[in-house]
Amino acid sequence: MKAQFIILLLLSLSFNLAFGQERNSGKADDSFVDAYFTTYAKMPGYDAQMMGEAMVKRLNDKEAWKHPSIARIMKQVKTYKNLSMPVTPEFTSSMLEQLDQQVKKDRRYDQYYRKVTANSTVIIYTRGKQLIKEIAVVSIAWGHLTVSSFIGDQIDLESVRALSENR
Amino acid sequence: MMEAAELKRLLEKYYAAETTLAEERALKQYLEQHPAQQVSEQPFFQAVNEFKLLDTPIQEFRTSSSESRIHRLSVWRRTLRQVAAVAILALTTVAISQSYRRYERNKAEALLQQNVEADLMRISNLLNQADANLNNAVKNAVIPGLNN
Amino acid sequence: MNQSLYEKFLSSQSKLYRFAYSLAKNVSDAKDIHQDTLIKIWEMREQWERWENMEAYGMRITRNTYLNFQKARQRRLHLELGELTEKPQPNEIEKHMVIDDLKHQFLSMIQPLPQLQQNILYLREVEELEYKEIAEILEISASQVKVYLFRGRQFIKTNTQK
């Protein structure tokens with residue numbers, strides 16, 4: 001009985017090591033960009049940049065945002081990351097397939113909205129159930145991929161939605 | 001109705017950059033009027049037409065509806081030139097102060113900031129689209145049900 | 001000053017703004033470029049009578065203003081980026097623009113092309129200009145215009161038929 005218990009314990013530990021690591025390949029605070037797109041960093045034209053907490057704060061303090069509604073939303077945001085790179089149709093389909101699988105397995109992100117047309121795909125992801133901690137958008141159109149992510153403690157989706165009505 | 005062969009020939013000529021402007025206009029007009037043709041070029045031509053409708057925010061140089069009288073009244077011409085000169089002066093002042101402010105700001109921040117603003121606006125538009133599509137889907141699913 | 005030339009100056013505004021927007025790909029830069037262009041054209045008003053085609057000339061000034069604007073931005077970036085670890089490129093905004101709005105989709109479609117091909121496609125497809133006029137605006141030969149237009153359209157063909 002004891003031996004069986006030890007075997008079960010070892011099995012459970014090895015399971016956690018094998019799958020737990022993959023699930024948490026990034027840190028908890030990582031963005032959508034870090035979680036799923038750093039593997040493409042060596043691809044030609046890959047270009048990522050980040051607006052850190054200090055820069056967001058400085059722009060907030062300077063009241064630099066061009067619209068009061070944007071300023072309100074940016075008070076809820078800590079960091080912003082984005083990347084862009086040219087993509088081929090073949091790469092796009094395999095990348096999307098892989099992304100879908102990873103997001104499903106990872107379970108940190110929920111697909112909030114997906115729009116697919118003949119020439120473009122746009123997907124919005126959110127992280128957090130009660131409080132939205134991140135909004136990420138993946139766009140592929142006419143041979144170009146962009147991924148952007150806004151990270152905060154509590155991002156109000158309704159404020160973001162209302163933005164284009166209030167401008 | 002343009003024959004399929006003729007349409008194909010014209011499209012080939014278009015891609016070879018051999019068409020005249022008149023032929024290109026005729027081709028675009030024909031495809032616009034016959035969406036059922038479903039050629040793959042339609043999204044591009046549609047995008048070209050949509051771009052022609054881009055709003056022009058500059059209004060300062062526009063004259064009023066009394067434009068036709070300008071030819072007859074030289075005093076109007078002078079006034080109009082003066083108005084234009086004042087407008088240009090105002091524009092220059094705005095341009096100088098804007099460029100000075102821009103220069104003062106870190107340009108790298110400005111570029112990132114514009115990305116942030118554009119992305120937020122884009123997400124906002126998409127969330128609105130999502131709501132609208134969902135409402136339509138619910139309407140289509142519920143209303144026929146009610147009618148039954 | 002000839003009244004009809006003055007009216008041409010007024011009426012060419014929207015075209016010049018649209019061209020500035022197609023180059024800058026964002027409203028605030030397009031407005032700045034457009035304003036600078038109008039001021040330059042106005043300052044040259046004594047020469048208007050000698051210009052064969054005011055619109056084409058205005059477009060050429062718009063493009064040169066845009067190129068100077070880009071150069072100045074690049075210079076400032078080099079000066080100011082010392083403190084930043086990640087270095088954004090001057091055409092960053094252009095690269096990040098994947099435009100969902102149908103009105104701006106044209107720019108999105110031609111975005112992967114080199115700048116000159118984008119300009120030629122814009123001037124031919126949107127403004128419907130002859131090769132000679134495009135050549136005059138972009139200060140290249142008409143045969144070059146044709147070659148670049150061919151390449152641009154081939155790109156559109158490949159991307160619309162996928």
Side-chain angles (χ1 to χ4, degrees), chain B residues 11 14-18 20-21 24-25 28 39-63 67 70-71 77 80-81 84-85 87-88 91-92 94-95 98-99 102-103 105-112 114-115 118-119 122 125-126 129, chain C residues 1 3 6-7 9-10 13-14 17-18 21-22 26-28 31-32 34-36 38-39 42 73 76-77 79-81 83-84 87-90 92-93 96-109 122 124-126 128-130 146-147 149-150 152-154 156-157 159-161:
Chain B
L11 277 170
Y14 169 81
Y15 283 120
E18 298 285 352
T20 63
L21 270 180
E24 285 168 24
R25 280 188 202 120
K28 287 172 188 171
V39 294
S40 49
E41 289 74 14
Q42 263 155 344
F44 178 68
F45 291 152
Q46 198 187 343
V48 169
N49 280 338
E50 291 288 341
F51 193 74
K52 285 179 186 172
L53 304 175
L54 184 76
D55 301 326
T56 309
I58 307 295
Q59 296 297 330
E60 287 85 345
F61 286 94
R62 295 236 182 274
T63 56
E67 255 177 351
I70 290 167
H71 296 285
R77 285 187 198 177
L80 209 59
R81 281 186 207 179
I88 283 171
L91 283 175
T92 316
V94 171
Q98 273 185 354
S99 65
R102 270 204 312 280
Y103 183 76
R105 240 167 53 183
N106 184 311
K107 209 62 194 172
E109 271 188 12
L111 287 166
L112 257 176
Q114 286 187 41
N115 278 343
D119 273 340
R122 201 150 57 88
N125 283 329
L126 285 165
Q129 273 181 33
Chain C
M1 187 202 305
Q3 183 62 29
Y6 184 70
E7 277 160 13
F9 169 65
L10 294 177
Q13 267 193 82
S14 351
Y17 173 74
R18 208 159 52 207
Y21 185 85
S22 83
N26 72 79
V27 173
S28 79
K31 277 186 181 174
D32 286 353
H34 184 53
Q35 280 180 359
D36 285 357
L38 289 185
I39 291 165
W42 180 252
R73 169 175 281 178
R76 280 201 296 274
L77 271 172
L79 285 174
E80 294 168 8
L81 281 177
E83 63 185 81
L84 289 171
K87 184 175 174 178
Q89 297 301 309
E92 205 61 59
I93 296 165
H96 280 280
M97 274 191 33
V98 173
I99 308 151
D100 304 310
D101 185 354
L102 192 63
K103 201 181 276 185
H104 302 146
Q105 216 164 36
F106 170 71
L107 294 183
S108 182
M109 288 174 173
Y122 168 82
R124 183 70 175 187
E125 305 294 349
V126 178
E128 299 182 350
L129 299 182
E130 296 286 356
K146 199 176 163 183
V147 170
L149 183 68
F150 170 78
R153 283 182 178 166
Q154 288 301 314
I156 296 295
K157 187 180 182 183
N159 280 276
T160 51
Q161 292 180 350

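Protein chains get the first letters and strands the later ones, always in sequence-line order, with residue 1 at the start of each.
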Full working for side-chain contact (heavy atoms from CB on, under 4.5 Å) between Leu21(B) and Arg124(C): CA-CA 8 Å; Leu21(B) 270 180; Arg124(C) 183 70 175 187; 3.6 Å; yes
Arg18(C) side chain reached by Phe51(B) side chain, heavy atoms, under 4.5 Å: yes
Are Arg153(C) and Glu24(B) within salt-bridge range, i.e. N to O under 4.0 Å? yes
Between the side chain of Glu128(C) and the main-chain N/O of Arg25(B), is any donor-acceptor distance below 3.5 Å? no
To the nearest 0.5 Å, tell me how far Ile156(C) CD1 sits from Phe45(B) CZ. 9.5 Å
Between Met109(C) and Phe44(B), does a side-chain contact (heavy atoms from CB on, under 4.5 Å) hold up when you go through it step by step? CA-CA 8 Å; Met109(C) 288 174 173; Phe44(B) 178 68; 3.7 Å; yes
